[in-house]
2 protein chains.
Amino acid sequence: MATVSKRERTLALLTERALALFEEQGFDQTSVSQIAASAGVSEMTFFRHFGSKEQAVLVDPFDPVIARAIGQRPLNEAPLLRAVRGVRAALTGLDDAELSMVRRRVRIIASTLSLRVALAKQNEETAAAIQQQLITDGTDPRAARAAAAALLAALSAGLFEWAENEDTTLVGAIETALSVLEVGA
Amino acid sequence: MATVSKRERTLALLTERALALFEEQGFDQTSVSQIAASAGVSEMTFFRHFGSKEQAVLVDPFDPVIARAIGQRPLNEAPLLRAVRGVRAALTGLDDAELSMVRRRVRIIASTLSLRVALAKQNEETAAAIQQQLITDGTDPRAARAAAAALLAALSAGLFEWAENEDTTLVGAIETALSVLEVGA
DNA sequence: GAGAAAATGTTAGCGACTAACATTTTTGGG
DNA sequence: CCCAAAAATGTTAGTCGCTAACATTTTCTC
């Protein structure tokens, strides 16, 4: 018998149905009640698992990883450079299974305005974590805030670029985006 | 007789009532129907003027100015630097009246999660304009996209910092934020 | 297998927003 | 000044995301 709880199973089912419907007919054209019906569950249950419709697509597995990686960069680098190089280090540690799931989600996000907006909100939280890491290491809070925000914006731009163009690799797209921030270094 | 059309008058009235209510009780705690009532107008009319509740706070007079200013920077600068310095040039041309209105709006935005998120959406449009300007001048599209996004993120961070701290000046806060992006230049 | 706890369902409702259609108000030309 | 066209506003009704309160069922644990 599966060692997974019912909660986990329902969540997995809802996630799969939601992604499939979003891919088929678009995020905005898919209602929560439709997703719930498709998973044989009530609308209320959907919200108990996700909190919002957007959360069905926006799961962020990176935040903690990124913040930690940044903390491992040498302290004498400029704040923005530390952030950039930390992210780069963190993203090279993803396996294929993780990458394909990321790709699926990012595609949906990239093609939906309301989701790109929602991602910005999530980025705000990630930015706070990165800012904190930089501050802890002695960077001026204001500079840290700007650096963290800029980093995530560039990173998102790279992800979207990758999602929209078949011929780009994740690593390549992110490299391009991040290298812009390194200007004269 | 005022040469202003009725449309303009209604819009000005709605804007003032909306800002006042948002300042008093918060954005999320203020309903559109409340604003409409306070302006002696129907709810429908509000939406005909603003399109969304957020638009009552998020009017962006900068987009075109910024894009133009960036276009005037020397072509041999790195994309991010051109963007940064263009913005700096654009913002120094604001008069006191404009500044105080900006301050009022930014305060409300900074203190409201849903508005910060909505701002991100607006930034996306501004970013597209900036990216276009950079591309026109020969910058690689992907690099331009990342640079524009990073710039606006840092700029927003500076604006929020300014709005939250009494002791900062707009110019100073923005300087701090933008200088982070100039790293090794 | 019984009881506690977790998961789910139902109903009711709020607030943002839209569509369709009716009504009033403005405004520009005669 | 007046009157018709156009612009602005109102009304009604409905969708969708989301929440609260309370009832019911299912799952886990002992």
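Here is how names work: the chains are called A, B, and so on, in the same order as the sequence lines, proteins then strands, and each is numbered from 1.
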Q: State, without any angle test, whether A:Gln122 and A:Glu54 hold a side-chain donor-acceptor pair at a distance under 3.5 Å.
A: no

Q) B:Leu58 has an atom CG; how far is it from atom P of C:dA16, in whole Å? A) 15 Å

Q. Rounding to a whole Å, what distance do you find between A:Ile35:CD1 and D:dC16:C1'?
A. 12 Å

Q. Within a reach of under 6.0 Å around CG of A:Asp95, are more than 12 heavy atoms found that belong to other residues, nucleotides or ligands?
A. yes

(Q) Can you build the contact string for nucleotides 7-12 of chain C? Use B for base contact, S for sugar-phosphate-only contact, and - for no protein heavy atom under 4.0 Å. (A) SBBB--

Q) Okay, side chain of A:Ser38, backbone of A:Gln34: is any donor-acceptor separation there less than 3.5 Å? A) no

Q | Axis bend over the full length of the helix from C:dG1-D:dC30 to C:dG30-D:dC1, computed from five pairs that close each end, to 10 degrees | A | 20°

**Q.** Short side-chain to backbone donor-acceptor contact, B:Gln133 and B:Ile70, under 3.5 Å
**A.** no

Q) Between the main-chain N or O of B:Arg116 and the side-chain N or O of A:Lys121, is there a donor-acceptor pair closer than 3.5 Å? A) no

Q. Got a salt bridge between B:Arg104 and B:Glu16, using NZ or NE/NH1/NH2 to carboxylate O under 4.0 Å?
A. yes

Q: Check the distance between D:dA20's C1' and A:Phe47's CZ and give it to me in whole angstrom.
A: 14 Å

**Q.** Side-chain donor-acceptor pair present, A:Glu8, A:Ser5, cut-off under 3.5 Å
**A.** yes

Q) Going by heavy atoms closer than 4.0 Å, what residues in residues 13-31 of chain B are next to DNA chain C? A) B:Thr30, B:Ser31

Q: Before giving the answer on salt bridge (Lys or Arg N to Asp or Glu O under 4.0 Å), spell out for B:Arg107 and B:Glu164 the whole-Å C-alpha distance, their side-chain angles and the decisive distance to 0.1 Å.
A: CA-CA 7 Å; B:Arg107 282 240 171 82; B:Glu164 289 165 9; over 6 Å; no

(Q) When you measure from the side chain of B:Arg73 to the backbone of B:Gly86, do you find a donor-acceptor pair of N or O atoms at a distance under 3.5 Å? (A) no

Q: May I ask you to check whether B:Thr112 and B:Asp28 show a side-chain donor-acceptor distance below 3.5 Å?
A: no

